[in-house]
There are 2 protein chains.
Amino acid sequence: MAKLQKSIDKRNALVKATIELVNNNGFHATPMSKIAKMAKVSPATIYLYFENKQDLVNQTYIEVKAEYTNYAFATYEENMSVEDGFELIWKRIADFKLKECEHAMFLAQCDNTPMIDEPSRIEGIKHLQPLLDLWQRGKKEGLVKPLSDFILYAYAINPLSFLMITQKRGAFQLNESHIQEAYQAAWDSIKVNK
Amino acid sequence: MAKLQKSIDKRNALVKATIELVNNNGFHATPMSKIAKMAKVSPATIYLYFENKQDLVNQTYIEVKAEYTNYAFATYEENMSVEDGFELIWKRIADFKLKECEHAMFLAQCDNTPMIDEPSRIEGIKHLQPLLDLWQRGKKEGLVKPLSDFILYAYAINPLSFLMITQKRGAFQLNESHIQEAYQAAWDSIKVNK
DNA sequence: TAACTAAAAATGAACGTTCATTCTTTTTTT
DNA sequence: AAAAAAAGAATGAACGTTCATTTTTAGTTA
């Protein structure tokens with residue numbers, strides 16, 4: 001195993017603990033001491049890896065966001081048809097939100113509170129470009145409604161966050177056929193009606 | 001002006017200050033002392049109206065949620081057609097989220113964090129029944145897809161929260177034609193394709 | 001109406017706790 | 001043996017909450 005100056009394992013453990021504790025207790029009830037304890041590290045050690053608590057949360061956000069978009073676009077290729085490309089990306093995102101539920105929950109919490117500072121938020125948005133390009137192509141081909149990317153995202157992608165959260169809270173159980181139904185609803189909402 | 005034992009004005013000022021401060025700074029950066037200051041009240045006075053900070057936030061959540069659903073259904077009548085009823089409710093909700101943006105933002109934050117305890121969350125859901133009944137009717141009439149209420153809500157209603165938040169963050173400007181487009185996307189996502 | 005009074009409401013200051021962060025020392029690495 | 005990394009204990013500030021006191025209210029008496 002390669003050795004960096006500071007242990008990457010320790011950093012990862014800190015990020016992991018942050019996600020878990022913030023998910024379960026919220027930012028306001030997640031003291032540095034608990035993060036340190038869960039990561040099996042002294043509180044002082046956190047400050048070797050991160051400037052302060054805000055920096056720890058910002059960096060965690062950016063990393064999880066990057067992981068999310070990497071997963072979403074991992075198997076996508078630009079020469080796919082708009083419909084195939086969208087279905088592929090959509091299902092990868094659904095997959096991520098269900099399998100990496102903890103990480104997706106963390107993102108949802110960050111995206112809906114003033115927990116993250118503005119620069120980190122902007123940094124996190126950048127990585128969605130392939131999806132926006134795909135929609136651009138879809139609009140040109142007359143397959144996708146000529147709407148702003150925000151509206152397309154709101155209807156095609158964001159509903160998955162709501163479903164993930166209600167599922168996590170135990171309100172109902174998502175299964176494979178729900179995923180297919182949700183995909184159909186997503187596509188119906190943004191596709192041009194012939 | 002009628003006089004209650006304890007001043008209802010003071011209570012309202014506290015609730016209002018809570019919404020404003022939690023919206024701008026998050027729960028974790030909203031100390032009771034600031035809430036008291038903004039409401040022009042002593043910190044000790046808060047505890048005459050609320051048990052503690054958690055109780056203050058819970059009660060605020062329930063009140064805002066009730067205000068939201070009251071507004072949503074205020075002009076709805078059960079003898080309306082499914083399509084008309086849905087459009088009416090949808091547009092009332094859109095209206096609320098844009099006009100009472102602060103209140104809607106507060107709800108979004110509560111709904112996406114562990115800020116609120118479970119009983120208050122359940123209390124908040126109750127009031128949506130008229131919409132669920134409408135969908136039930138729509139399914140019977142073959143107008144609305146036979147999907148779970150959670151999925152219908154995720155696609156028909158929840159996207160408005162995303163749009164509201166991005167608009168509030170200044171990412172883009174929502175206008176009347178966006179609202180119409182969004183309504184169409186909402187209906188397209190849940191209506192049965194003939 | 002005016003004075004009085006007991007209870008309720010409101011307050012500013014204080015309390016004990018917890019927090020993020022730093023300091024000093026020890027351990028590990030090279 | 002020097003430098004880097006990690007640790008536990010310490011620190012000062014900030015927090016939620018309570019305490020002791022003052023102010024306001026509402027009812028009663030004159």
Side-chain angles (χ1 to χ4, degrees), chain A residues 1-61 106 109-110 113-117 120, chain B residues 1-61 106 109-110 113-117 120:
Chain A
M1 192 185 73
K3 264 285 169 62
L4 277 70
Q5 250 194 330
K6 298 185 205 168
S7 153
I8 190 75
D9 290 343
K10 245 164 220 162
R11 213 196 99 105
N12 288 343
L14 284 167
V15 167
K16 189 166 183 290
T18 302
I19 294 167
E20 193 168 332
L21 288 168
V22 168
N23 267 352
N24 292 327
N25 311 328
F27 188 121
H28 72 283
T30 301
M32 296 296 260
S33 55
K34 269 194 197 167
I35 295 174
K37 193 165 286 174
M38 178 169 279
K40 288 176 182 162
V41 139
S42 157
T45 303
I46 301 180
Y47 293 86
L48 298 175
Y49 294 85
F50 304 95
E51 263 183 52
N52 50 38
K53 192 180 181 185
Q54 185 65 56
D55 182 47
L56 167 58
V57 173
N58 285 342
Q59 287 201 38
T60 301
Y61 174 74
F106 180 79
Q109 192 169 164
C110 292
T113 66
M115 206 172 105
I116 296 298
D117 61 21
S120 304
Chain B
M1 194 184 73
K3 263 283 168 66
L4 278 69
Q5 250 193 329
K6 297 186 205 168
S7 155
I8 190 75
D9 291 343
K10 244 164 221 165
R11 214 196 97 105
N12 288 343
L14 285 167
V15 166
K16 189 166 184 287
T18 302
I19 294 167
E20 192 168 332
L21 288 168
V22 168
N23 267 350
N24 291 328
N25 311 328
F27 188 122
H28 72 284
T30 301
M32 297 295 259
S33 55
K34 269 194 198 168
I35 295 174
K37 195 165 285 176
M38 179 169 277
K40 288 177 183 162
V41 140
S42 157
T45 303
I46 300 181
Y47 293 85
L48 299 175
Y49 294 85
F50 304 95
E51 264 184 50
N52 49 39
K53 192 181 181 184
Q54 185 65 56
D55 182 46
L56 167 59
V57 173
N58 285 341
Q59 287 201 39
T60 301
Y61 173 75
F106 180 79
Q109 192 169 162
C110 292
T113 65
M115 206 171 105
I116 297 297
D117 60 22
S120 304

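Computed from a predicted model, the values in this text were never measured in an experiment. So you know, we letter chains A, B, ... as the sequences are listed, proteins then strands, and number each from 1.
At whole-Å resolution of the value, NZ in B:Lys40 and C1' in C:dA9 are 20 Å apart. Protein atom NZ of A:Lys37 is 12 Å distant from nucleotide atom P of C:dT18, rounded to whole Å. Distance, B:His28 NE2 to D:dA14 C1': 14 Å, rounded to whole Å. At whole-Å resolution of the value, NZ in B:Lys34 and C1' in D:dG16 are 15 Å apart. Atom P of nucleotide D:dT18 and atom NZ of B:Lys53 are separated by 15 Å, given to the nearest angstrom. Taking atom CZ of A:Phe27 as the reference point, atom C1' of C:dT18 lies 15 Å away to the nearest angstrom. Between A:Leu56 atom CG and C:dT21 atom C1' the separation is 13 Å, expressed in whole Å. Put simply, CD1 on A:Ile35 is 11 Å from P on C:dC19, counting in whole angstrom units.
A heavy atom lying under 4.0 Å from DNA chain D marks the following residues of residues 43-52 of chain B, by number: B:Ala44, B:Tyr47, B:Asn52.
The listed nucleotides are D:dC15, D:dA6, D:dT17; the one nearest the side chain of A:Ser7 is D:dA6.
Taking side-chain N and O atoms only, A:Lys10 has no distance below 4.0 Å to OP1 or OP2 of D:dA5.
Shortest non-hydrogen contact noted between A:Ala29 and A:Lys34 is O-NZ, 4.1 Å.
With hydrogens and angles ignored, the 3.5 Å screen pairs no side-chain donor or acceptor of B:Glu51 with any backbone N or O of B:Leu56. The closest donor-acceptor contact from the side chain of B:Lys53 to the backbone of B:Thr30 lies under 3.5 Å. Looking only at distances, no side-chain donor or acceptor of A:Gln59 sits under 3.5 Å from a matching main-chain atom of A:Gln54. Side-chain atoms of B:Gln109 come within 3.5 Å of backbone N or O of B:Val22 as a donor-acceptor pair. In this structure a side-chain-to-backbone donor-acceptor pair under 3.5 Å is present from A:Tyr49 to A:Ser7.
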